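Residue numbering restarts at 1 for every chain, and letters A, B, ... go by the order of the sequence lines. This is a predicted model, so every value here is computed, not measured. Only this structure's heavy atoms are used, side chains among them; waters, hydrogens and symmetry mates stay out.
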Amino acid sequence: MTRVTAAPASTDPGAAVTRGADAPRVTGRRRNTLRRQRLEILLFVTPALALMAIFVVYPVFSAARMSFYRWKGFGPMVDFVGLQNYLRVLADDVFTDAVVHNFTIVFASILVQLPLGLALALLLNRRIKARGLLRTIIFVPYVLAEVIAGVVWFQLLQPRTGLLERMLSSVGIPVPEQGFLGTPDLALATVFVVLTWKYLGLAVLLFLAGLQGVPDELHEAAQLDGASWWQVQRRIAVPLIAPTIRTWIFLSMIGSLQLFDMVWILTGGGPANATTTMATYLISQGTQRSNYGIAGAASVVLFLIGFAMAVAYQFLVLRRDTKADA
Amino acid sequence: MARRSTTYGRGGPFVYLVALAVVAVTLGPVLYGALGGFRTNAQLARDPAGFPDPWVLSNYTNVLGSASFWRYTMNSTVIAVITTAVAVLAGVMAAYPLARYQFKLREPLFMVFVLGLLFPAAVAIVPLFILVTRDLQLGNTWWGVALPQAAFALPVTVVILRPFLMALPKELEEAAMLDGASRVGIFWRIALPLSMPALVTVGVLAFVTSWNAYLLPLLLLQGDNRTLPLGVADYSTQYSADTAGVLAFTTIAMIPALMLFLAMQRRIVNGLQGAVKG
């Protein structure tokens, strides 16, 4: 870890001596200490574990249980239907489309945001003026609530009256009749553009932090050997920050699978279900139509997909990093 | 270490041009919102791009003068403060033995928190809604939103805090123990004050996450108990014709998060980078 701040060094040489003298006595009381220690640990971890058990673990299990019942949200859960909810969810085009949309965002993020973020980080890593200010500005969208960013973009993207369409048409670029968010073929891409605006700053920031850990001497040595700036970046800087890149990909994947807020604000999943995600599907099934069993099954599928991807990624990609560290 | 300046790593005109374009794209929408709030709707329809002419203050004064805006702000603040307090306190308490004690279940226990990172709130959201509103009778209350948010903030809090606590020097604690202080006393009087910088980092993260949260408040809060993001979203659908008013409301709602970010920038950045580097 790099965040260690001024460590108050123990300056009293006497302390060490006293400790040495006391050591045998401490071992003598070992059994008593152990029991006490167990109590202390329990005291320390109980609040956190209780909160997680009540608000994370229990609801997740309860979603899994719900998925085996037909339940409208009132009365006891008695109408056991086995895997029927799963069959219905998996046969529902809206849901399978939602899965496709989530994965489109997952891959588009990696294919677009990764090169873009890397390029910007490499540029900003040069000794240019106002670098700190630039970094702050790039990070601003990340700090805003998705809802707030979404509302502003919704206004920008208004068909005909919105600023963006006017700007495009004033330079002669044709705009779709229904607006970017109202055209089924363009809506998901438009949501992705807004998401990129919102989240690129995080990628740039993380990559920059990684790049700043690359020692200057490497650059200088490579430069002396006649390598061009581009060669240095490609052969030295980027490989060295590969662990950061892999971690970013992981975070981005998990985030894309959970996508909800921005879609809900910009399109509500429409037009014609062109932008539904697994999360918007389960929310509209659960809280709007009271199909709790269906929502439960969708939750479990979402969790399993996320979990499988996390485990696979851990094994295939991230494991290299932990091995290298050890 | 003084950085030697080489022509090599410096930016040429191209770099500055790209930087300028990035700044324009990044800040464009934010400025559009802020400036749009100073226009009338007629101005917005006529010329949404340039500077407002004349500058209209009424949109902003209307928002600042409305009782519901201040209620939303208070709700957001109280919920974020409770979330932060609970998450940081429970988080540092859990991280402390995970960092400082040797016991058999230490790593499995830590894995519980690491795995917690993988549980998105969306998965549990429907049962969570039922749990909070029916079983706990906390629907439409501050605590009903804050407690689940704190629980979901715990994994990242513990994962960031543990390595920090591990890196704290042990000498002070050992000396205090010889002086007869209990482990709990050491935790309060020594470990907590020493880990303040890390606590601020995770606190800011929890606060901003809660401040920006949408899904859980959307399901749990109605009427006067809504938070700012809900207020903004509802306002923009209810008064969709009043674009200038929506932009003014949105812009004002941005300000607290932006100010907190600017004040705490280094800590947020360090926290995120620390979390990624593990």
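Heavy atoms closer than 4.5 Å to chain B are found in both the backbone and the side chain of A:Leu144. Heavy-atom distances place no part of B:Arg100 under 4.5 Å from chain A, backbone and side chain included. Only the side chain of B:Ile125 comes within less than 4.5 Å of a heavy atom of chain A; its backbone N, CA, C and O stay farther away. Contact of A:Phe307 with chain B is made through the side chain alone, with heavy-atom distances under 4.5 Å. Looking at A:Ile265, only its side chain comes within 4.5 Å of chain B, counting heavy atoms on both sides. A:Tyr292 touches chain B through its side chain: at least one heavy atom from C-beta onward sits under 4.5 Å away, while N, CA, C and O do not. When heavy atoms are compared at a cutoff of 4.5 Å, A:Leu134 approaches chain B solely by way of its side chain, counted from C-beta outward. Residue B:Val158: no heavy atom, backbone or side chain, is found under 4.5 Å from chain A. The contact between B:Leu215 and chain A is made by backbone and side chain atoms together, counting heavy-atom distances below 4.5 Å. Heavy atoms of B:Phe103 lying under 4.5 Å from chain A belong exclusively to its side chain. Only the side chain of B:Leu262 comes within contact range of chain A, with at least one heavy atom under 4.5 Å from a heavy atom of that chain. Proximity to chain B is limited to the side chain of A:Ala295, based on heavy atoms less than 4.5 angstrom apart. With a 4.5 angstrom heavy-atom cutoff, B:Val112 touches chain A via backbone and side-chain atoms both. If you measure heavy-atom distances from B:Leu136 to chain A, the contacts under 4.5 Å come from the side chain alone. Contacts between A:Phe61 and chain B at a heavy-atom distance below 4.5 Å are absent for every atom of the residue. Interface residue A:Leu43: backbone and side-chain heavy atoms are both found under 4.5 Å from chain B. If you measure heavy-atom distances from A:Ile54 to chain B, the contacts under 4.5 Å come from both the backbone and the side chain. Proximity to chain B (any heavy atom under 4.5 Å) is restricted, for A:Val151, to the side chain, taken from C-beta onward. In this structure, chain A has heavy atoms under 4.5 Å from both the backbone and the side chain of B:Val184. Residue contact with chain A, scored on non-hydrogen atoms closer than 4.5 Å, is absent for B:Phe249. For a residue to count as touching a neighbouring chain, one of its non-hydrogen atoms must lie under 4.5 Å from one of that chain's; by this rule A:Arg36 touches chain B with the side chain only. Heavy atoms closer than 4.5 Å to chain A are found in both the backbone and the side chain of B:Val123. Contacts between B:Leu109 and chain A at a heavy-atom distance below 4.5 Å involve the side chain alone, from C-beta outward.
For the residue pair A:Glu40 and B:Tyr101, a side-chain donor N or O sits within less than 3.5 Å of a side-chain acceptor on the partner.
Counting heavy-atom neighbours within 6.0 Å of B:Met166 CE, excluding the residue itself, gives a total above 12.
Looking only at heavy-atom pairs under 4.5 Å with chain B, the residue among A:Asp261, A:Ile138, A:Leu282 that has the most is A:Asp261. Contact tally against chain A (heavy-atom pairs below 4.5 Å) for B:Ser240, B:Pro127, B:Ser195: the top residue is B:Pro127.
The backbone N or O of A:Leu259 lies less than 3.5 Å from a partner atom in the side chain of A:Thr277, making a donor-acceptor pair. Of the possible polar contacts, one joining the A:Glu146 side chain to the A:Met262 backbone as a donor-acceptor pair under 3.5 Å is found. Formation of a donor-acceptor pair under 3.5 Å by the B:Ser76 side chain with backbone atoms of B:Thr227 is not found in this model.
In this structure, the side chains of A:Leu122 and A:Leu211 come closer than 4.5 Å at one or more pairs of heavy atoms. Side-chain contact between B:Pro97 and B:Arg106 is absent, with no heavy-atom pair separated by less than 4.5 Å.
In this pair, A:Phe139 and B:Phe261 present their aromatic rings tilted. The plane angle is within the 30 to 60° band. Ring geometry for A:Trp153 versus A:Trp197: interplanar angle over 60°, hence perpendicular rather than tilted (30 to 60°).
Atom CG in B:Leu161 sits 11.0 Å away from atom CZ in B:Phe113 (nearest 0.5 Å).
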